[in-house]
Amino acid sequence: MTYQGLISRYKQYLELPEHTQIISLLEGNTPLIPMPRLEEEFGGEIFVKYEGLNPTGSFKDRGMTAAISEAAGRGAKTVICASTGNTAASAAAYAARAGLRSIVLIPEGKVAVGKLAGAIAYGAEVIQIQGSFDDALSLVVEITQKTPIALVNSINPYRIEGQKTSSFEICDVLGSAPDWLCLPVGNAGNITSYWAGFKQYGKGLPQILGVQAAGSAPLVLGHPVEKPETVATAIRIGKPARGEQALEAAQQSGGKIIAVSDEEILSAQRMLASEGVWVEPASAAGLAGLVAETASGTFEAKGKKIVVVCTGHGMKDPSIITESFNAPQVIPAKYEALVDLVGA
Ligand code: F0G
């Protein structure tokens with residue numbers, strides 16, 4: 001049968017109200033890519049779940065198809081979210097598809113260019129907040145409590161329903177859950193969704209390694225971070241809305257939540273790109289965590305099946321690459337000049 005998107009495919013596992021009216025961009029069905037070079041380096045079987053290949057370039061589309069389908073079905077006219085960028089682009093795209101108005105609040109000056117451009121292209125009304133993601137989230141919660149505007153952040157339970165589908169897909173491809181699942185943690189909706197999904201699907205449970213950036217690691221520190229900072233702007237979050245559930249997921253699974261430095265994140269981004277998978281910095285945090293755990297001797301990858309979730313495409317944040325490299329060399333449009341340069 002032709003692929004019709006996540007809700008159609010996994011309908012029986014998703015708790016969505018009767019009034020839900022499917023709005024889909026054929027999200028999901030992303031590849032689980034084997035990484036032979038990482039396997040050689042770390043042992044074990046290592047796969048990347050490449051969520052950057054969703055329609056708007058991040059995993060957010062899984063939850064957004066569900067949240068917008070529910071909102072549209074109950075007759076909402078306007079949706080709103082706070083975002084470090086990816087949720088904004090996804091909400092804007094699905095709202096456009098449904099014919100709804102979308103408003104997105106982002107922290108001033110801290111959103112990667114590919115995400116901002118996406119939100120604008122899909123027609124969102126973009127508002128910058130003089131504050132953090134956490135401040136923006138408080139504002140959208142308040143306005144949705146006081147007006148009929150629908151909230152599509154991952155506090156919305158249907159976002160979690162939709163995002164569970166990635167764990168279903170992993171089990172469908174591997175035949176069972178992996179031994180370990182490594183992923184970045186920001187507002188903590190995704191780790192919550194994976195854990196709920198694996199528990200529901202009945203194909204085994206992975207241990208979960210959740211990874212925060214050291215400058216934005218409230219779940220590792222055990223308290224909110226007032227001024228979160230990290231190069232991985234997607235997870236620059238000091239008060240995760242689903243923090244408790246994230247800690248529970250890690251603990252129940254026999255895994256943990258750790259923090260890695262920006263340098264470790266960027267190094268993992270390079271490792272992935274050198275094997276053909278370019279992801280945005282936050283998306284490399286899962287691998288950075290795996291590297292750190294292996295190096296410290298706390299984790300032995302050999303003999304294990306490991307899935308590294310890469311949540312967003314590298315094209316979301318091109319500046320992080322272009323700003324750290326010199327512009328390509330310029331030569332005359334002459335064969336001799338080319339041969340001179342590349343050597344023959
Ligand atoms: N990776 C990427 C690329 C993200 O954009 C996010 C979250 C995460 C990981 C963390 O996921 O919040 O469920 O723990 N981005 C949100 C946004 C906050 O607004 O786009 P989480």
Side-chain angles (χ1 to χ4, degrees), residues 5-7 14 23-30 49-72 79-98 100 102-107 111-112 114-124 126 133 136-137 140 150-167 169 183-194 196-197 232-237 240-242 246 279-283 285-286 309-317:
L6 287 178
I7 301 182
L14 306 181
I23 305 293
S24 175
L25 289 163
L26 308 193
E27 57 294 314
N29 203 17
T30 57
K49 180 67 170 161
Y50 196 14
E51 289 288 277
L53 295 187
N54 274 294
T56 76
S58 85
F59 75 97
K60 303 288 181 181
D61 297 341
R62 292 182 184 275
M64 207 52 76
T65 183
I68 298 284
S69 296
E70 187 280 328
V79 298
I80 196 167
C81 65
S83 181
T84 56
N86 281 323
T87 301
S90 185
Y94 282 81
R97 187 82 179 173
L100 306 181
S102 64
I103 305 169
V104 305
L105 270 61
I106 58 173
V111 168
K115 303 176 188 180
L116 184 56
I120 296 167
Y122 297 123
V126 180
F133 166 85
L137 187 59
V140 299
L151 177 75
V152 294
N153 276 105
S154 60
I155 304 172
N156 177 326
Y158 308 118
R159 283 277 312 275
I160 303 299
E161 288 303 303
Q163 284 175 207
K164 288 190 309 196
T165 55
S166 188
S167 54
E169 288 177 9
L183 82 170
V185 177
N187 210 27
N190 212 25
I191 187 171
T192 301
S193 309
Y194 272 102
T233 53
I235 52 172
R236 190 172 160 273
I237 292 174
R242 291 189 183 269
V279 305
E280 66 167 282
S283 299
V309 181
C310 288
T311 44
H313 202 286
M315 285 188 275
K316 288 280 191 170
D317 193 357

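What's counted below: heavy atoms across the whole structure, side chains too, no hydrogens, waters or symmetry copies.
- To the nearest 0.5 angstrom, Ile235 atom CD1 is 11.5 Å from Asn190 atom CG.
- Nearest heavy atoms, Ala150 versus Ala71: CB-CB, 4.2 Å.
- For the pair Thr84 and Ala234, the tightest heavy-atom approach, listed with the atom from each and the gap, is OG1-O, 2.9 Å.
- Residues passing the salt bridge (charged side-chain N to carboxylate O under 4.0 Å, His left out) test with Lys115, sequence neighbours excluded: Glu280.
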(message) Pair Ile68, Arg97 - check side-chain contact (heavy atoms from CB on, under 4.5 Å), show working.
(response) CA-CA 9 Å; Ile68 298 284; Arg97 187 82 179 173; over 6 Å; no
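- There is a side-chain donor-acceptor pair under 3.5 Å between Thr311 and Ser283.
- In this structure a side-chain-to-backbone donor-acceptor pair under 3.5 Å is present from Asn156 to Leu151.
- Side-chain contact check for Val140 versus Asn153: some heavy-atom pair is nearer than 4.5 Å.
- Residues Gly85 and Val111 share a closest heavy-atom pair of CA-CG1, 3.9 Å.
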(message) Apply side-chain contact (heavy atoms from CB on, under 4.5 Å) to residues Arg159 and Thr87 and explain how you reach the verdict.
(response) CA-CA 11 Å; Arg159 283 277 312 275; Thr87 301; 3.7 Å; yes
(request) I would like to know whether Phe59 and Asn86 meet side-chain contact (heavy atoms from CB on, under 4.5 Å); could you show each step before the answer? (result) CA-CA 8 Å; Phe59 75 97; Asn86 281 323; 5.8 Å; no
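- Heavy-atom minimum distance, Ala96 versus Tyr122: CB-O, 3.5 Å.
- Of the inter-residue distances, the one linking Lys49 atom NZ with Thr30 atom OG1 reads 3.0 Å to the nearest 0.5 angstrom.
- With rounding to the nearest 0.5 Å, the separation of OH in Tyr194 from CD1 in Ile160 is 12.0 Å.
- You'll find the side chain of Val185 stays beyond 4.5 Å of the side chain of Pro240, heavy atoms only.
- Residues Ser166 and Gln163 bring no donor and acceptor atom of their side chains to less than 3.5 Å of each other.
- Remark: Arg242 CZ to Ser154 OG distance equals 6.0 Å, nearest 0.5 Å.
- Looking at residues two or more places apart in sequence or on another chain, you find no ring pair (Phe, Tyr, Trp, His ring centres under 6.0 Å) involving Tyr158.
- Considering CE of Met64 and SG of Cys81, their distance stands at 5.5 Å, rounded to 0.5 Å.
- In this structure, Leu100 CG and Ile80 CD1 are separated by 13.5 Å, a value rounded to the nearest 0.5 Å.
- Shortest non-hydrogen contact noted between Gly162 and Thr165 is O-OG1, 2.6 Å.
- Between Thr65 and Ile23 the shortest heavy-atom distance is OG1-O, 2.6 Å.
- A search for salt bridge (charged side-chain N to carboxylate O under 4.0 Å, His left out) contacts involving Glu51 returns Arg62, not counting sequence neighbours.
- One N or O on the side chain of Asp61 and one on the backbone of Thr56 form a donor-acceptor pair closer than 3.5 Å.
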(request) Could you go through the side-chain contact (heavy atoms from CB on, under 4.5 Å) check for Phe133 and Asn187 one step at a time? (result) CA-CA 9 Å; Phe133 166 85; Asn187 210 27; 3.6 Å; yes
